[in-house]
Number of protein chains: 2
Amino acid sequence: MFSKTCEHAIKAIIFVTKQTLEGKRASLKTIAFGIESPEAYTAKILQLLVKNEFIFSIKGAAGGFETDLNKMKKLSLMRVVEVFDGDSIANRCVLGLKTCSSRNPCPFHDKYAPVRARLVCILENTSIMDLALGLIAGKTSLKE
Amino acid sequence: MFSKTCEHAIKAIIFVTKQTLEGKRASLKTIAFGIESPEAYTAKILQLLVKNEFIFSIKGAAGGFETDLNKMKKLSLMRVVEVFDGDSIANRCVLGLKTCSSRNPCPFHDKYAPVRARLVCILENTSIMDLALGLIAGKTSLKE
DNA sequence: GTTAAATCGGACAAAAATATCCGATTTAAT
DNA sequence: ATTAAATCGGATATTTTTGTCCGATTTAAC
Ligand code: FES
Ligand code: FES
């Protein structure tokens, strides 16, 4: 559903939020280990998260990544997904037609569109903070 | 959601079913044009559909592809998707964890799994014939 | 039989996604 | 100041997906 890049990004931002909640600054190494993603690739993705102001970075020794917790309460999963995968989840035709529309629907549109709409709704109403809190509570995991 | 290969395959089998319903044998060229997919690539995919006995081919001049209409009434979209994309739709963790399970759920699992289950249910209860009939009725399209 | 129109199948090619490398820069700690 | 630990950013590499080519085979029509 999501690209690998987007998957790594989601896990990374949740992980950094968790660390910030715990009062720890997260280094690249810690993050890559914590979300089981390749270090160099994760570095690239973290840079994009920084550029989009989802997280911020502190350079130099004892540097790393942190989040603004209030921001994470308001930031929806959908916003993150949009940055990495565009609006394809919400708008792309599931059979690859150039445009998805009920005016020229593909054979699966009518059955698919409602499920997709439900998913988009959930993505929009789930905050990064929500996800980080489940992680801290030990109810969910970013590994294995 | 589906791989391009799978998308082409779904469109192709729907198109061939439509042609069979109309008493026409479908040639590679007609199919590729009808579903707007590259001819050579489509040829490969049709071979896989034949190998899996979803459609059958007639070689030689005036040859082409046809379906068994009774089979198409019973064949679910899910079965076709499984052949091309495996069970990733039904089972893969949306955040890329090695296994998706409520025993070790990723942060998004609890919200995502029900939507996915709904989708799988629809895929299983939609037949290729259903989709082909919508196409014949002019309610749906495989192009643009 | 000959020909022409088709599918078949294996090797190959291009493009996109995923991932790595490495030198430059920044900065905390000493 | 020096050092060591970190991020930054651009180039490069690998892998997967998507797509092409072309000769071999089959067969309907003549
Ligand atoms: S037209 Fe295909 S999903 Fe909407
Ligand atoms: S564990 Fe991630 S979707 Fe089930």
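We name chains A, B, ... by the order of the sequence lines, and we start the count at 1 in each one.
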Rounded to whole angstroms, how far apart are [atom1] on [X] and [atom2] on [N]?
X	N	atom1	atom2	answer
Lys4(B)	dT16(D)	NZ	C1'	16 Å
Tyr41(A)	dC22(C)	OH	P	20 Å
Phe65(A)	dT27(C)	CZ	P	14 Å
Arg25(B)	dT27(D)	CZ	P	12 Å
Leu28(B)	dT20(D)	CG	P	12 Å
Glu7(B)	dT18(D)	CD	P	8 Å
Ile58(B)	dT25(D)	CD1	P	21 Å
Glu39(A)	dA6(D)	CD	P	10 Å

Taking only side-chain N and O atoms of [X], does any of them lie within less than 4.0 angstrom of OP1 or OP2 on [N]?
X	N	result
His8(A)	dA19(C)	yes
Ser3(B)	dT17(D)	no
Thr5(A)	dT18(C)	yes
Gln47(A)	dG9(D)	yes
Ser57(A)	dA6(D)	no

Of Val50(B) and Thr42(A), the one whose closest DNA chain C nucleotide lies more 5': Val50(B)
Beyond-backbone contact of Leu133(A) with Leu21(A), side-chain heavy atoms, under 4.5 angstrom: yes
Residue pair Cys106(B) / Leu142(A), side-chain heavy-atom distance below 4.5 Å: no
Out of dT7(D), dT7(C), dT20(D), whichever nucleotide has its closest atom nearest the side chain of Lys59(A): dT7(D)
From dT18(C), dT20(D), dT7(D), nucleotide with atom closest to Ala40(B) side chain: dT20(D)
Side-chain donor/acceptor of Lys44(A) to base of dG10(D), under 3.5 Å: yes
Lys4(A) charged N/C atom sitting above Phe84(A) aromatic ring, 6.0 Å / 45°: no
Touch class at under 4.0 angstrom, heavy-atom based, for Leu46(B) against every strand present: nothing
Thr126(A) side chain to Lys111(B) side chain, donor-acceptor N/O pair below 3.5 angstrom: yes
Which residue lies more 5' along DNA chain D, comparing Ala43(A) with Ala61(A) via nearest heavy atoms: Ala61(A)
Ion pair Glu7(A)/Arg92(B), N-O distance below 4.0 Å: yes
